[in-house]
Amino acid sequence: MNPPSSTYRVQLRPEFTFTDAAGIVDYLRSLGAGALYTSPVLDATTGSAHGYDVVDPTRARPELGGEEARQVLVARLKSAGLTLVVDIVPNHMSVEVPKLNRWWWDVLRHGQASEYAGFFDIDWSRGKVLLPVLGEDAAVAELTVDRSGDDDELVYYDHRFPIAPGTGEGTPQEVHARQHYELVGWRRGNAELNYRRFFDITNLAAVTVEKAEVFAETHGEVLRWVADGDVAGLRVDHPDGLADPGGYLRRLRAGAPDAWLVVEKILHPGEALPQSWPVDGTTGYDALNEITGVFVDPAAKPVFTRLVGELGGRTDYLAVEQQARRLVTDRILVAEVHRIAGLVEGVEPDAARAAVAEVMIAFGVYRSYLPEGAAEWTGAVERARSRRPDLGEALTALDTQVRAEPGGELATRVQQTSGMVVAKGTEDTTFYRFTRFAALNEVGGDPDRFGRGVAEFHELAAGRAAGRPASMTTLTTHDTKRSEDTRARQAALSELAEEFGDAVRRWTKRRGIDEPALNLLAWQTLVGAWPIAPERLRDYLDKAAKESKLRTTWTDHDEVFEQAVAAWPEQVLGDAELRAEVEEFVGKLRGPGWVTSLGQKLVQLAGPGVPDVYQGTELWDFSLVDPDNRREVDYGARREILERVLAGEQPEVDETGAAKLLLVHRTLTLRRERPELFTGYRPLKAEGAAAEHLLAFQRGEDLAVAVTRLPVALEKTGGWRDTVLPLTDGFWTDVLTGRAVGDAPLAAALFDKYPVALLVRGDS
């Protein structure tokens with residue numbers, strides 16, 4: 001297996017197809033990328049902007065150009081010397097439009113007699129598949145029957161469903177009653193759904209990929225591409241939802257023995273990938289949080305904590321998280337909890353449900369992988385006991401049964417669902433409720449921990465180099481809560497904590513949002529993504545308000561509050577005095593943000609692992625959470641800047657972001673052309689008055705990386721002064737500037753052009 005030197009992620013959609021991707025291959029080659037890494041490319045719901053709602057895994061998506069256009073893209077990549085990495089979705093398929101998913105359609109038409117009945121994780125004990133699609137249960141009166149086609153269909157507005165053979169006579173209501181499915185009001189889904197889904201999305205039905213025949217049907221086409229040499233790497237979406245992730249990955253590895261294989265496994269701080277998984281690593285959220293942490297000043301923690309308290313927000317992170325997870329088990333994943341509890345033997349139903357919920361709320365990681373990683377299961381059970389001693393007997397029964405049969409249905413369903421509770425409760429709820437310092441609220445992160453020390457950062461990076469050197473690293477993905485440059489500027493707030501706190505107090509009195517968590521998040525977002533159009537900020541705050549589930553939700557709306565939130569961006573940006581204050585503050589933050597952006601980018605690109613560049617982030621990109629981060633990328637502008645860089649221009653660090661593109665180009669090109677340089681990891685220690693502001697490490701014997709951290713404090717304390725970076729004896733060249741560097745360069749000289757340096761020993 002030869003992993004790519006780097007990847008460049010693109011989001012394919014009807015507006016950016018295989019043909020469009022082929023059109024940027026020459027640009028990616030010149031940029032230095034090693035592989036094109038795409039979002040899912042199998043057939044998906046019509047108009048899908050992301051592709052994770054697959055409807056037919058047996059063919060390339062026609063809306064992207066289909067098989068012919070896919071082959072053209074592959075040929076273009078091969079001619080340019082690049083490889084292709086594709087994203088695959090083994091856990092679920094879209095059933096939003098039943099007729100688009102021929103397997104689901106057949107199940108609805110024939111019920112348990114369908115040859116595909118076992119493809120989906122359906123609890124048939126009810127006899128019918130529950131479909132929560134109606135406005136209200138009484139709306140069955142709106143049903144009609146369409147007998148104009150080859151087969152009769154039951155119609156509810158624009159929703160169509162198959163009618164089982166021989167059951168189409170009579171009124172629509174009579175026909176409805178005879179089917180293998182039951183149409184009910186959408187609100188009943190969370191509590192009564194009898195098929196497993198992706199999180200709380202009823203339109204995404206879980207697939208039983210643990211069955212050999214289902215694996216073969218869902219993976220045959222992609223594995224054919226791998227065998228043909230068209231695809232060199234696979235990114236596996238959401239492995240924690242699978243019944244047996246380890247078994248699935250072993251089967252996948254057998255089908256793609258030479259492919260680079262990474263999994264979207266979200267590791268909590270201190271957690272490692274299961275040893276038994278035959279994969280090359282994760283998709284990089286662990287690296288993201290480690291890198292962000294080392295650019296945050298821990299001294300700012302009490303300042304921001306005090307600010308939250310003064311504004312009326314919550315500062316007890318663990319209590320907020322526990323409450324949010326409990327909301328998920330009690331209101332959102334009720335059907336899943338009930339299904340699991342029904343498997344606990346010898347326990348009264350209410351007690352079984354409470355015990356199951358409490359254990360999943362108490363998980364310290366996304367899920368356990370029994371019998372491997374049993375310590376995580378034990379920890380969750382013990383925490384549940386300490387919180388709910390009244391559930392002692394039920395917890396004992398649950399624990400005993402799970403341990404006795406770690407591969408049984410009860411243990412499997414608990415493991416599959418715990419990750420859903422953690423993800424929905426922590427990432428999608430707590431991170432919008434506990435907004436003390438938004439830069440830390442990232443997938444797999446721990447917002448309760450403020451910053452990371454240099455020594456710990458080096459230890460973790462060295463561990464990656466030794467244990468998972470081909471793991472992906474990233475700073476931005478389609479799922480990050482904010483882009484890397486927005487996060488970097490927000491991280492720089494830690495050095496302006498007192499000043500920002502004073503500003504937020506003033507701004508809140510003038511134009512505050514009447515909900516403390518959203519209010520503080522809004523001000524951090526405003527300065528982090530400035531300048532930002534009011535409609536972008538409005539859409540972001542609407543999503544944040546609903547995800548927090550404090551004053552409004554996606555399903556139960558507080559219209560008055562939502563209108564106030566929607567009006568806020570225009571009010572703030574239209575207030576000339578306030579806008580001027582915000583702009584003045586951003587002026588102080590912009591430079592440190594650029595320094596932090598360049599520093600974290602070089603650390604990611606030159607550090608251990610296979611670095612990914614998310615579409616467009618080779619320039620400054622101040623995007624927010626999806627769908628904001630799927631906006632169209634201006635490749636024309638990027639080509640023009642790259643051409644200037646290739647011609648020898650060394651751009652200034654300014655608002656154009658050209659300096660970042662230079663850094664990306666030079667580092668990726670070096671990785672692709674001289675991969676032998678990027679091995680191992682050894683911390684380097686600066687000496688002198690400002691040594692703590694210089695983060696440096698060496699790869700192998702002939703490559704060194706040096707970046708600036710905490711630039712505000714550096715300037716306040718007098719700059720670099722006598723700080724030096726001792727290097728191995730020899731002749732060194734800064735790849736970014738082309739200048740010769742001695743073996744003990746003064747930091748002031750090393751960073752006089754850029755706040756970062758990429759040094760190669762020997763001939764330039």
Side-chain angles (χ1 to χ4, degrees), residues 3 5-7 262 265-273 279-298 439-440 442-446 449 451-477 484 487-488 491 596-613 663-664 667-668 670-671 675-686 691-710 725-728 735 755-760:
S5 58
S6 67
T7 61
V262 292
K265 169 57 190 167
I266 313 302
L267 299 174
H268 275 237
E271 183 185 7
L273 272 177
V279 300
D280 297 294
T282 71
T283 53
Y285 288 106
D286 43 342
L288 181 158
N289 285 290
E290 293 162 14
I291 294 170
T292 294
V294 81
F295 289 94
V296 172
D297 186 358
L440 302 175
E442 200 47 84
V443 181
D446 181 3
R449 180 175 181 179
R452 187 181 300 276
V454 171
E456 183 186 8
F457 171 81
H458 284 315
E459 181 181 356
L460 293 168
R464 183 176 303 106
R468 298 279 186 180
S471 186
M472 180 182 282
T473 66
T474 190
L475 290 178
T476 305
T477 77
E484 59 201 55
R487 190 185 314 113
T596 302
S597 282
L598 294 176
Q600 67 176 6
K601 197 62 183 174
L602 184 57
V603 167
Q604 182 230 346
L605 296 184
V610 177
D612 175 55
V613 175
L663 182 155
V664 172
T667 311
L668 294 190
L670 189 66
R671 287 197 76 120
E676 75 282 358
L677 293 174
F678 295 86
T679 59
Y681 186 93
R682 181 165 64 87
L684 293 177
K685 184 177 181 180
E692 65 179 310
H693 294 281
L694 201 162
L695 174 66
F697 54 85
Q698 192 161 328
R699 305 295 312 277
E701 294 300 320
D702 299 321
L703 183 75
V705 174
V707 305
T708 304
R709 62 186 291 268
L710 308 182
L725 178 63
L727 298 169
T728 306
V735 174
V756 297
L758 178 62
L759 308 172
V760 175

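Given the structure is predicted, the values throughout are model-derived calculations rather than measurements. Positions are given from 1, in the same order as the sequence printed here.
In plain terms, the two heavy atoms of Ala491 and Val296 that are nearest each other are CB-CG2, 3.9 Å. Considering all non-hydrogen atoms of both residues, Phe457 and Val603 come closest at CZ-CG1, 3.5 Å. Contact record, Gly451 with Pro298: CA-CG, 4.5 Å, taken as the closest heavy-atom pair. Pairing each heavy atom of Val279 with each of Arg468, the nearest pair is O-NH1, 2.7 Å. The heavy-atom pair separating Val707 from Phe295 by the smallest distance is CG2-CZ, 4.0 Å. Listed here is the closest heavy atom pair of Val610 and Ser6: CG1-CA, 3.9 Å.
Side-chain atoms of Arg487 come within 3.5 Å of backbone N or O of Leu475 as a donor-acceptor pair. Side-chain atoms of Thr282 never come within 3.5 Å of backbone atoms of Lys265 as a donor-acceptor pair (strictly under, hydrogens ignored). Judged purely by atom type and a 3.5 angstrom limit, Thr708 uses its side chain to pair as donor or acceptor with the backbone of Pro755. Judged by distance alone, with hydrogens and angles left aside, the side-chain atoms of Arg699 form a donor-acceptor pair with the main-chain N or O of Gly607 at under 3.5 Å. Of the possible donor and acceptor atoms, none in the side chain of Arg709 sits under 3.5 Å from a partner among the backbone N and O of Gly599. The closest donor-acceptor contact from the side chain of Asn289 to the backbone of Val443 lies under 3.5 Å.
Using a 4.5 Å heavy-atom threshold, the side chains of Leu684 and Leu727 count as touching. Within the 4.5 Å cutoff, the side chain of Val294 has heavy atoms near those of the Val454 side chain. The shortest side-chain heavy-atom distance between Leu758 and Leu703 falls under the 4.5 Å cut-off. Inter-residue side-chain proximity for Thr283 and Thr474 is flagged as unmet; no heavy-atom pair is nearer than 4.5 Å. Between Leu605 and Val613 the shortest side-chain heavy-atom distance falls below 4.5 Å.
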Q.
Between Glu442 and Thr292, is the side-chain contact (heavy atoms from CB on, under 4.5 Å) condition met? List the steps.
A. CA-CA 10 Å; Glu442 200 47 84; Thr292 294; over 6 Å; no

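The side chain to side chain donor-acceptor pair (under 3.5 Å) check on Ser597 picks up Asp485, with sequence neighbours excluded. Listed by chain and residue number, Arg682, Gln698, Trp732, Arg761 satisfy the side chain to side chain contact (heavy atoms under 4.5 Å, CB included) test with Thr728 (two or more places apart in sequence, or in another chain). The salt bridge (Lys or Arg N to Asp or Glu O under 4.0 Å) test applied to Arg671 returns no partner, not counting sequence neighbours. Not counting sequence neighbours, the partners of Thr476 by the side chain to side chain donor-acceptor pair (under 3.5 Å) test are Glu484. Applying the side chain to side chain contact (heavy atoms under 4.5 Å, CB included) test to Pro683 and every residue at least two apart in sequence or in another chain returns His458, Tyr681. Asp446 pairs by the side chain to side chain contact (heavy atoms under 4.5 Å, CB included) definition with Pro269, Tyr317, Asp448, Arg449, not counting sequence neighbours.
Once rounded to the nearest 0.5 Å, the distance linking CD of Gln604 with OG1 of Thr473 reads 4.0 Å. Interatomic distance, CG of Leu710 versus CG of Asp297, reported as 5.0 Å (0.5 Å rounding). Taking CD of Gln600 as the reference point, atom CG of Leu288 lies at 7.5 Å (rounded to 0.5 Å). Here the CG atom belonging to Asp702 is positioned 6.5 Å from the CG atom belonging to Leu677, to the nearest 0.5 angstrom.
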